[in-house]
Colleague: 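Handing you this structure, nothing more for now.
Note that these values count all heavy atoms, side chains included, but never hydrogens, waters or copies made by symmetry. Sequence positions, counted from 1, serve as the residue numbers for this chain. Quick caveat: nothing in here was measured; it's all calculated off a predicted structure.
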Amino acid sequence: MSAAGRAAPAHLGALYPFLYAQPAPVVDAFTAELVTSTAGRLREAAMLRAGVLTEQGEALAACARDLAVALDTGGRLFTFGNGGSATDAQAFADLFADPPPGYGAPPLAAYALSADVAVLSALANDVGVEAVFARQVAAQARPGDVAVAFSTSGNSPNLVAGLDRARRCGMVTVGFSGGGGGRLAEPGVVDHLFVVRSLSAHRIQEAQTTACHVLWELTVAELAA
């Protein structure tokens, strides 16, 4: 044990205080700024998540009712997105297709259109990237199915095209967006839209993840009822 870790005898502590003084923790300016920044991001993320659930709770419940009706009558769920939103789309489909244990939820037909690299690359190369989702919807979907699009801006042309095709196929359409909603917020684009009012892609996706889990739980509860 070092001298600093031992209790100082009274006479030695008075004579040699520098040997027994507890060193103050060293926090450089970079570390202090990092801690402050992280705390701020955590607060922002928590506020956004709470805001989405508080402000859009009734809309999530209404969407869950429509999803439950569609899935209970043989409908299938198709999700899609670009980049990080493609991962969110796949995670949402997985919730329905392979529910986590403990919920007693049945597995349901759900597919992520952005997960098949062969199909995506073929369509992007042969037809164009704007058609990668619309073509898959046209080939696979039928009336009564559900289309769920994920975006942080709401402006991706291939998402808008996919949702347009979904509406014309008679599908229930759902969109997750950020900022002001983008093109997904235009009238008639989707039946149900959930917007995270932030300009940070990270914060948007974090809040969307929470909203997706709540939407899944509400849908499962509607199906059980």
Side-chain angles (χ1 to χ4, degrees), residues 45 48-49 51-52 55-56 59-60 63 66-67 70 76-97 110-142 145-216:
L48 280 171
R49 290 179 174 185
V52 168
E55 298 165 11
Q56 305 185 50
L60 284 166
C63 182
D66 282 355
L67 264 59
R76 300 160 301 163
L77 185 78
F78 294 93
T79 66
F80 45 95
N82 298 295
S85 294
T87 303
D88 294 335
Q90 186 166 354
F92 191 55
D94 288 346
L95 271 176
F96 286 86
Y111 309 91
L113 300 182
S114 42
D116 194 327
V117 176
V119 172
L120 282 180
S121 57
L123 289 171
N125 183 63
D126 299 339
V127 183
V129 71
E130 292 188 10
V132 294
F133 302 130
R135 283 295 186 97
Q136 291 186 77
V137 168
Q140 300 186 49
R142 58 182 180 238
D145 287 339
V146 179
V148 186
F150 289 82
S151 177
T152 56
S153 68
N155 291 317
S156 301
N158 56 13
L159 293 186
V160 176
L163 289 167
D164 177 65
R165 171 60 69 173
R167 283 198 318 279
R168 289 190 280 132
C169 288
M171 300 174 70
V172 177
T173 55
V174 182
F176 287 89
S177 185
R183 293 179 62 188
L184 296 190
E186 295 176 0
V189 175
V190 291
D191 299 319
H192 303 277
L193 178 64
F194 304 100
V195 181
V196 179
R197 304 293 179 181
S198 173
L199 298 179
S200 167
H202 303 90
R203 303 293 86 78
I204 292 168
Q205 289 180 297
E206 289 165 356
Q208 286 177 347
T209 298
T210 299
C212 283
H213 276 266
V214 171
L215 179 57
W216 172 76

Colleague: Look at the side chain of Ser114 and the backbone N and O of Phe80, then say whether any donor-acceptor pair between them is shorter than 3.5 Å.
Modeller: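 Looks like no, no N/O pair under 3.5 Å.
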Colleague: Using the side-chain contact (heavy atoms from CB on, under 4.5 Å) criterion, which residues pair with Ala185? Sequence neighbours excluded.
Modeller: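 Per chain and number, Ala185 pairs via side-chain contact (heavy atoms from CB on, under 4.5 Å) with Leu193.
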Colleague: Kindly write out the residues that satisfy side-chain contact (heavy atoms from CB on, under 4.5 Å) with Ser121, not counting sequence neighbours, or none if the list is empty.
Modeller: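 So Ser121 forms no side-chain contact (heavy atoms from CB on, under 4.5 Å) with any residue.
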Colleague: Scan residues 78-91 for pairs that pass salt bridge (charged side-chain N to carboxylate O under 4.0 Å, His left out), counting only residues two or more places apart or in two chains.
Modeller: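 Of all non-adjacent pairs touching residues 78-91, none passes salt bridge (charged side-chain N to carboxylate O under 4.0 Å, His left out).
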Colleague: Could you list the donor-acceptor pairs under 3.5 angstrom formed between side-chain atoms of residues 129-137 and any protein atom two or more places apart in sequence or on another chain?
Modeller:
residue	atom	partner	partner atom	Å
Gln136	NE2	Leu113	O	3.1
Gln136	NE2	Val132	O	2.8

Colleague: Taking all non-hydrogen atoms of both residues, which atom of Ala110 and which atom of Phe96 are closest, and how far apart?
Modeller: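 What the structure gives for the nearest pair is CB-CB, 3.7 Å.
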Colleague: Residues two or more places apart in sequence or in another chain: which of them pass side-chain contact (heavy atoms from CB on, under 4.5 Å) with Ser200?
Modeller: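 In terms of side-chain contact (heavy atoms from CB on, under 4.5 Å), with neighbours along the sequence ignored, Ser200 is linked to Ser198, His202, Arg203.
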Colleague: Just by distance, do the side chain of Ser156 and the backbone of Asn158 share a donor-acceptor pair under 3.5 Å?
Modeller: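 Checked: no pair found.
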Colleague: Only pairs under 3.5 Å count here: list side-chain donor-acceptor contacts from residues 174-181, not counting sequence neighbours, and write none if there are none.
Modeller:
residue	atom	partner	partner atom	Å
Ser177	OG	Gly154	N	3.3
Ser177	OG	Gly181	O	3.1

Colleague: Under the rule for side-chain contact (heavy atoms from CB on, under 4.5 Å), what residues qualify as partners of Thr152, not counting sequence neighbours?
Modeller: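 Partners of Thr152 by the side-chain contact (heavy atoms from CB on, under 4.5 Å) criterion, ordered by chain and then number, come out as Ser85, Ala201, Ile204, Gln205.
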Colleague: For Arg76, enumerate each residue passing the side-chain hydrogen bond (donor to acceptor under 3.5 Å, both in side chains) test, keeping only those at least two apart in sequence or located in another chain.
Modeller: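 Expected list: Asp145.
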Colleague: Shortest non-hydrogen contact from Gly81 to Ala89?
Modeller: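 In this case the closest contact between Gly81 and Ala89 is N-CB, 4.1 Å.
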Colleague: With rounding to the nearest 0.5 angstrom, report the OG1 to CG distance, Thr87 to Asn82.
Modeller: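 Spacing of OG1 (Thr87) from CG (Asn82) equals 11.0 Å.
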Colleague: Which residues pass the side-chain hydrogen bond (donor to acceptor under 3.5 Å, both in side chains) test with Arg183, sequence neighbours left out?
Modeller: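 Expected list: none.
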Colleague: Can you measure from CG (Leu95) to CG (Leu77) and round to the nearest 0.5 angstrom?
Modeller: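 If I round to the nearest 0.5 Å, the distance is 10.0 Å.
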Colleague: How long is the straight-line distance from CZ of Phe150 back to CD of Gln208, given to the nearest 0.5 Å?
Modeller: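 Those atoms lie 7.0 Å apart.
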Colleague: Evaluate the side-chain proximity of Phe194 to Leu60: yes if any heavy-atom separation is below 4.5 Å, no if none is.
Modeller: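 Yes, at least one pair of side-chain atoms sits under 4.5 Å.
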Colleague: Heavy-atom distance under 4.5 Å between the side chains of Asp94 and Gln90, does that happen here?
Modeller: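 They are in side-chain contact.
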Colleague: Under the side-chain contact (heavy atoms from CB on, under 4.5 Å) rule, what do Thr79 and Tyr111 come out as? Steps first, then yes or no, please.
Modeller: CA-CA 6 Å; Thr79 66; Tyr111 309 91; over 6 Å; no
Colleague: Distance-only check: which donor-acceptor pairs under 3.5 Å involve side-chain atoms of residues 163-172, not counting sequence neighbours?
Modeller:
residue	atom	partner	partner atom	Å
Asp164	OD1	Arg167	NH2	2.9
Asp164	OD2	Arg168	NE	3.1
Asp164	OD2	Arg168	NH2	3.1
Arg167	NE	Gly188	O	3.0
Arg167	NH1	Gly188	O	3.4
Arg167	NH1	Val189	O	2.7

Colleague: In Å and rounded to the nearest 0.5 Å, what is the CZ to CD distance from Arg197 to Gln56?
Modeller: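 Between Arg197 CZ and Gln56 CD, I get 7.5 Å after rounding to 0.5 Å.
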Colleague: Can you list everything that forms a side-chain hydrogen bond (donor to acceptor under 3.5 Å, both in side chains) with Thr173? Sequence neighbours excluded, please.
Modeller: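 Residues passing side-chain hydrogen bond (donor to acceptor under 3.5 Å, both in side chains) with Thr173: Asp191.
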